[in-house]
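Scroll down for the structure; my scribbles are underneath it.
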2 protein chains.
Amino acid sequence: MASHGARGRGGGRPTLEEVAARAGVGRGTVSRVINGSPRVSDVTRAAVEAAVAELGYVPNTAARALAANRTDAIALVVPESETRFFAEPYFSDMLRGVGAAISDTEMQLLLIFAGSDRERQRLADYLAAHRVDGVLLVSVHADDPLPDMLARLEIPAVISGPRSAEETLTSVDSDNYGGARQAVEHLVGRGRRRIAHITGRLDVYGAQRRVDGYRDALRDAGHPEDDLMIEAGDFSEEGGRRAMAALLERHPDLDAVFAASDVTAAGARHALREAGRRIPEDVALVGYDDSAIARHMDPPLTSVRQPIEEMGRRMIDLLLAEVADRRPAASRELDRRQVVLATELVERTSS
Amino acid sequence: MASHGARGRGGGRPTLEEVAARAGVGRGTVSRVINGSPRVSDVTRAAVEAAVAELGYVPNTAARALAANRTDAIALVVPESETRFFAEPYFSDMLRGVGAAISDTEMQLLLIFAGSDRERQRLADYLAAHRVDGVLLVSVHADDPLPDMLARLEIPAVISGPRSAEETLTSVDSDNYGGARQAVEHLVGRGRRRIAHITGRLDVYGAQRRVDGYRDALRDAGHPEDDLMIEAGDFSEEGGRRAMAALLERHPDLDAVFAASDVTAAGARHALREAGRRIPEDVALVGYDDSAIARHMDPPLTSVRQPIEEMGRRMIDLLLAEVADRRPAASRELDRRQVVLATELVERTSS
DNA sequence: AGGTACCGTGGGAGCGCTCCCACAAGTGAT
DNA sequence: ATCACTTGTGGGAGCGCTCCCACGGTACCT
């Protein structure tokens, strides 16, 4: 006991063994109580719980992790720089949703940025050390090597926003295609005839799906193919501004714009203002995400709402299921699940 | 070896012992190499490093934490809700600074929100379990119980923004008093005579110091005490708007405003616009933080820059020193350090 | 030559848990 | 009364490291 010298200073925290002694039971029994096993009699459980309370016992996470080979932590990995993370409400909304969901569990959530090469190297080391039981991946680009790395390390992962229609990871997404259709159908319903679209980054699958939705909605409304007015953006405000300017140049007669994100719409709004167009009188504007920006814009922005909170919850549920499922490594491939949640159009005065 | 059944699946990761066998040395030697101890001969070190590389050895964090009684992780605790965190550039700038500083170390950074009661309870459990070696506290209110809890648990902590002049924790701060003086002196220098101040939350010590700086700068410039035009804000945009409106009501003749944060200044700007005042012609405006908002405001905002990056670095350095210093718990009280860093006025067109 | 240092090194003990086997006691069927 | 379970329990073994003691070897003194 004295051999480790100055360690465990100040009397230290009580251990399982001490709780067991105090409660007059064995180590195993205390462990069972702590972990909520049903195979403990009520009397014993009460005695142990009393001892735990008296001693102020808190399990040692490191010991537990070592013995049980799990960490009780999952990581939310954002393959972007901090700067972009903070600039885009999508990420913070997602973080909020995931945070809410995780707080119902015993799990801990880690936020990891992997924007720069350096950060990616750190992340790789981190994952190699198996410091988390599972990973949540947000908005990964088509050619990102991260998913493969996770597969190689056999770390369970759930992705928000599949990389393609054949996503191999379990994924959760909102109905980008349907959401885009809602937006365009809404504009058509309001009598708009010349509807443009500013896309997101097209290496993001969801952005492509929004283009598909836009295209199909217009076609179904009887618009000829060459009515399409598409300009590439990148989800940023500046990108929205530039795309809008280009669209106005090419199609001065447009009377509506569907932007692939609220931030993009904010950029478009600037360009429209500069060009002297009134919103919504001259040009109707619809965004995507229904973030705080949409509510505070002038005029308030009609936007497609994704159920971010729900998405976060589903991601956590699926990931925890995969983590728990790590026993016989049986037919797990079979039910690769792709959850798609419905969107909702929130109408405001911009359209 | 077989007794633990299905655990450690897939052949598992190599252990220290395996590396030692491969390199033909003892366990202790490998440990020394891994931890960079100088007491290893060059030949041996090379052999071990080769074995590590061949086997792809990565230390098991849990085992290390258990044996060494440390976690190699520190937490950045934000006693605010996620919402406020994302709304205030101060926090994200601070996170960026701290993140940059930590990435030079082997430490891991955890971001923990403690806005709601529930989150605070989680945090308490978390700290009680000693899951981090140290804590970084950002913008704590005067009556927050967190610092006491940390002291009780003997967890090293560094605070950004001391709670009072007698802060007992090691702290890092920018010179709020001096920064405020810079701002006011700048306005005086530009010939402004009726300078108002919108404060931050006054339960934050730094906000009080800014008031002091404002007050003293005006007094030193020969303004009588009753020239003071102070209105309380709360660092938020809405608070700035309200305070500005109140100030205009009471002092329609004011010609300059020093706001306690850029976000506050943004709110003030709105109120000024609504009241038909031009910036800077009618009213000069100066903010604090020099955040992204200041650069993008219309007109670009003159603001007091805090060296956030540097603050983050200093906080990390001090905290790691305290963590490392946890040996004889000697005369640590003696050198309680209060680092104060200089600010810099960034002049733009709003003043 | 003997003594005293100090390397560099090997490996025992221990960190605080979980897992699982063993076993006592109780329950019900035969 | 016997066997076969079930239920609750105790405690050994082991997770993969770090810490530290002990020991052989070399270098430098007397």
Side-chain angles (χ1 to χ4, degrees), chain A residues 1-9 11-21 23-48 52 55 57-72 129-131 327, chain B residues 1-9 11-48 52 55 57-72 106 129-131 133 326-327:
Chain A
M1 190 175 247
S3 91
H4 268 64
R7 284 211 246 147
R9 319 144 306 98
R13 302 152 52 195
T15 68
L16 246 204
E17 199 108 28
E18 286 164 30
V19 174
V25 301
R27 196 166 17 84
T29 302
V30 178
S31 177
R32 259 163 246 137
V33 172
I34 299 296
N35 293 291
S37 158
R39 332 196 120 283
V40 181
S41 71
D42 290 347
V43 221
T44 311
R45 164 167 291 122
V48 171
V52 165
L55 262 33
Y57 171 76
V58 180
N60 180 317
T61 341
R64 173 177 285 178
L66 177 59
N69 195 30
R70 58 188 167 83
T71 63
D72 291 332
H130 284 260
R131 295 183 66 160
R327 277 157 302 188
Chain B
M1 193 174 245
S3 88
H4 269 64
R7 285 211 247 146
R9 320 144 308 98
R13 302 152 51 196
T15 69
L16 246 204
E17 200 106 30
E18 285 164 32
V19 174
R22 174 105 181 193
V25 301
R27 195 169 12 87
T29 302
V30 178
S31 177
R32 260 165 245 137
V33 172
I34 299 296
N35 294 291
S37 157
R39 330 196 125 283
V40 181
S41 72
D42 290 348
V43 221
T44 312
R45 163 167 293 118
V48 171
V52 165
L55 263 33
Y57 171 75
V58 180
N60 180 316
T61 340
R64 173 177 286 179
L66 177 59
N69 195 32
R70 60 190 165 80
T71 64
D72 293 331
E106 295 281 77
H130 284 261
R131 295 183 67 160
D133 293 338
R326 265 170 128 20
R327 278 158 302 186

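Here is how names work: the chains are called A, B, and so on, in the same order as the sequence lines, proteins then strands, and each is numbered from 1.
Nearest to the side chain of T15(B), among dT9(C), dG16(D), dT18(C), sits dG16(D). In the set dG16(C), dG16(D), dT9(D), dT9(D) carries the atom at the smallest distance from any side-chain atom of S41(A). The listed nucleotides are dT18(C), dC17(D), dG10(C); the one nearest the side chain of Y57(B) is dC17(D). Checked against dG16(D), dT7(D), dG12(C), the side chain of A63(B) finds its nearest nucleotide in dG16(D). Listed nucleotides dC15(C), dT7(D), dC19(C) differ in distance to A68(A); the shortest reach to its side chain belongs to dC19(C). The side chain of R27(B) approaches dA13(C) more closely than any other nucleotide in the set dT9(C), dG14(D), dA13(C).
The OG1 atom of T61(A) sits 10.5 Å away from the CG atom of L66(B) when rounded to the nearest 0.5 Å. Expressed to the nearest 0.5 Å, how far CG of L55(B) lies from CG of L16(B) amounts to 11.0 Å.
One finds a side-chain N or O of S31(A) lying less than 4.0 angstrom from the OP1 or OP2 phosphate oxygen of dT18(C). Under 4.0 angstrom from either OP1 or OP2 of dT18(D) there lies at least one side-chain N or O belonging to R64(B). Phosphate contact (OP1/OP2 of dG10(D), side-chain N/O of T29(A), threshold under 4.0 Å): present.
Between V30(B) and V25(B) there is a side-chain heavy-atom pair separated by less than 4.5 Å. Side chains of R32(A) and T44(A) form no contact here, defined as non-hydrogen atoms less than 4.5 Å apart.
A straight line from CZ of R13(B) to P of dG16(D) spans 9 Å, rounded to a whole angstrom. Separating the CG atom of L66(A) from the C1' atom of dC19(C) is a distance of 13 Å, rounded to the nearest angstrom. We find that CZ of R70(B) is positioned 7 Å from P of dT18(D), with the value rounded to whole Å. We find that CD of E17(A) is positioned 12 Å from C1' of dC15(C), with the value rounded to whole Å. Between N35(B) atom CG and dG16(D) atom P there is a gap of 17 Å when expressed in whole angstrom units. Atom C1' of nucleotide dC19(D) and atom CG of N69(B) are separated by 12 Å, given to the nearest angstrom. Here dC15(D) presents its P atom at 13 Å from CG of L16(B), a figure rounded to the nearest Å. Taking atom CZ on R32(A) and atom C1' on dC17(C), their separation rounds to 13 Å, with Å as the unit.
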Test side chain to side chain contact (heavy atoms under 4.5 Å, CB included) on N35(A) and R64(A); report intermediate values, then the result. CA-CA 11 Å; N35(A) 293 291; R64(A) 173 177 285 178; 3.7 Å; yes
